[in-house]
There are 2 protein chains.
Amino acid sequence: MAISAAAKLVETEGFQSLTARKVAAKIGYTVGTLYHVFRNFDDLVIHMNAQTIDEMAALIQQKTRKKRNPEVRIRAMAEVYVQYATDHPDRWRLVFEHQAPSGLPTPAQMKERRDVMFEMVADNLREISPERIPQEVAHTATALWSGIHGICILALTGKLYLGGAFSMVKLIDTLIDSVLNEFRHR
Amino acid sequence: MAISAAAKLVETEGFQSLTARKVAAKIGYTVGTLYHVFRNFDDLVIHMNAQTIDEMAALIQQKTRKKRNPEVRIRAMAEVYVQYATDHPDRWRLVFEHQAPSGLPTPAQMKERRDVMFEMVADNLREISPERIPQEVAHTATALWSGIHGICILALTGKLYLGGAFSMVKLIDTLIDSVLNEFRHR
DNA sequence: CTCCAAATTAAACAATGTTCAATTGATGGT
DNA sequence: ACCATCAATTGAACATTGTTTAATTTGGAG
């Protein structure tokens, strides 16, 4: 599949140098053939991003299923999330920085895929405080997970001062501590 | 100046369609001239991003100077940040999504400019709890501001489900509440 | 073996960043 | 007033990109 070849290219050469012809060459075809499979170059990227999200979501689910405590599970989720982002920085960034230019908005399947992780967080929050109304749970889950994402992306793109004292993981721990305490006691 | 023309172009047509020739045409010159002023196209973008950060930082400082309470000041900072990002989405995104390809790393001045806002947050945190050691203060400031940034960027790029119940501002309020409480009482 | 449809290619197009020799323009000295 | 020098500006060229399409190849069905 062309998608896998594209993913491998992004991983080895960075998403800046991902090109239609390179993808075609990588799978032994010509650029024209690609355009009979995908409408756009963006179409290819979108499919590739979908695969990236699925891969990451599966990894998170796999590595957190065994945990019993919901708080521990949330912390494990975040850990796997930053690990995946660190291991595949370009593929991960493409998921969030790509936007289909002009025309069709991001397909619904993409939105669903992203929402999966927010819902996983919400599920665990509900387990922590079952008495909270769903809207509060969803709200807190969104705030927490977006915050984690923010730390992740700033650190990954080198836009965060990560002095010896505080690492990405510690920053995320602080955020989780804060939001969970607030969620429990208020 | 070419930088202002570029900024205007990004604002009106989006950063996807920012092009060297368009910038040159906008200021009545030819593309060749641009390349005697800037080494790269990325060089131009970097200069433009510097101006964007300065503009935003000035706005934040201006709108928060009058506030007396450090907590109120932090909330006001976040509010202005969100407002600026919402008002100039493409210019704001460029600041965080652009990376100079190959060769020279992002110049030091850029890093300094970004750190300004983290330091503003840290200053206010120190005022809230002067007994904390500087590292803790810096750590908390980084976690909080990165989290706010995460909410901001996900919301702005449409990758966040913003149901009627919770808006960007409310999400950020939740994050600030959580981190500040944790910072005060622990 | 033939023939048709599908797959694949090759070539072309416009637009992009980038370079550089040639041209213009102005400035200062005699 | 003229000219010489130097910087500013241009125009044309290049390689590379996404994208389209007519032509060619390929692979089975009859």
Trainee: Can you tell me if A:Asn40 touches the phosphate of D:dG18, counting only side-chain N or O atoms and a distance under 4.0 Å to OP1 or OP2?
Mentor: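 Checking D:dG18 against A:Asn40, no side-chain N or O comes under 4.0 Å of OP1 or OP2.
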Trainee: Is there side-chain contact between A:His149 and B:Leu154, with heavy atoms separated by less than 4.5 Å?
Mentor: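 The answer is yes; the side chains approach within 4.5 Å.
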Trainee: C:dT18 phosphate, OP1 or OP2: any side-chain N/O from B:Tyr35 under 4.0 angstrom?
Mentor: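 Checking B:Tyr35 against C:dT18: at least one side-chain N or O falls below 4.0 Å of OP1 or OP2.
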Trainee: Between atom NZ in B:Lys22 and atom C1' in C:dA14, what is the gap in whole Å?
Mentor: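 Rounded to whole Å, this separation is 13 Å.
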Trainee: Report, one pair per line, the protein and nucleotides 10-14 of chain D atoms (nitrogen or oxygen only) whose separation is under 3.5 Å.
Mentor:
unit_1	atom_1	unit_2	atom_2	d
D:dT10	OP2	B:Thr30	N	3.0
D:dT10	OP2	B:Thr33	OG1	3.0

Trainee: Quickly work out the A:Phe41 CZ to D:dT16 C1' distance and round it to whole Å.
Mentor: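 Checked: the CZ to C1' distance equals 13 Å.
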Trainee: Expressed as a whole number of angstroms, how long is the span from A:Phe38:CZ to D:dG18:P?
Mentor: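 So the CZ-P distance, A:Phe38 to D:dG18, works out to 14 Å.
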Trainee: Grab the NE2-P distance between A:His98 and D:dG18 for me, whole Å please.
Mentor: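 Going from A:His98 (NE2) to D:dG18 (P), I get 12 Å.
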Trainee: Rounded to whole Å, how long is the line connecting atom CD1 of B:Ile46 with atom C1' of C:dG17?
Mentor: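 Value for this atom pair: 15 Å.
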Trainee: Do we see a donor-acceptor contact under 3.5 Å between the side chains of B:His139 and A:Thr174?
Mentor: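 There is such a pair (donor and acceptor under 3.5 Å, judged by atom type) between the side chains of B:His139 and A:Thr174.
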Trainee: Looking at side-chain heavy atoms only, is the closest gap between A:Glu79 and A:Val169 below 4.5 Å?
Mentor: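 A:Glu79 vs A:Val169: side chains apart.
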Trainee: In this structure, how many angstroms lie between the P atom of C:dG17 and the CD atom of A:Gln16, rounded?
Mentor: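 Taking atom P of C:dG17 as the reference, CD of A:Gln16 is at 13 Å.
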Trainee: Taking the hydrophobic residues Ile, Leu, Val, Met, Phe, Trp and Tyr, and joining any pair whose side-chain heavy atoms are under 4.5 Å apart, which ones share a cluster with A:Tyr29?
Mentor: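 Members alongside A:Tyr29: A:Ile27.
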Trainee: Do B:Trp92 and B:Phe15 have ring centres separated by under 6.0 Å?
Mentor: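 Between B:Phe15 and B:Trp92, which both carry aromatic rings, the centre distance is not below 6.0 Å.
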Trainee: Is there a side-chain contact between B:Thr19 and the phosphate of C:dG17, meaning an N or O under 4.0 Å from OP1 or OP2?
Mentor: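 Yes, such a contact exists.
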Trainee: By the definition side chain to side chain donor-acceptor pair (under 3.5 Å), identify the one residue from B:Thr64, B:Asn124, B:Asp177, B:Asn69 that meets it with B:Arg75.
Mentor: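 Answer to the side chain to side chain donor-acceptor pair (under 3.5 Å) test with B:Arg75 among B:Thr64, B:Asn124, B:Asp177, B:Asn69: B:Asp177.
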Trainee: Between P on C:dT18 and CG on B:Leu44, what's the gap in Å once rounded to a whole number?
Mentor: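 Whole-Å distance recorded here is 10 Å.
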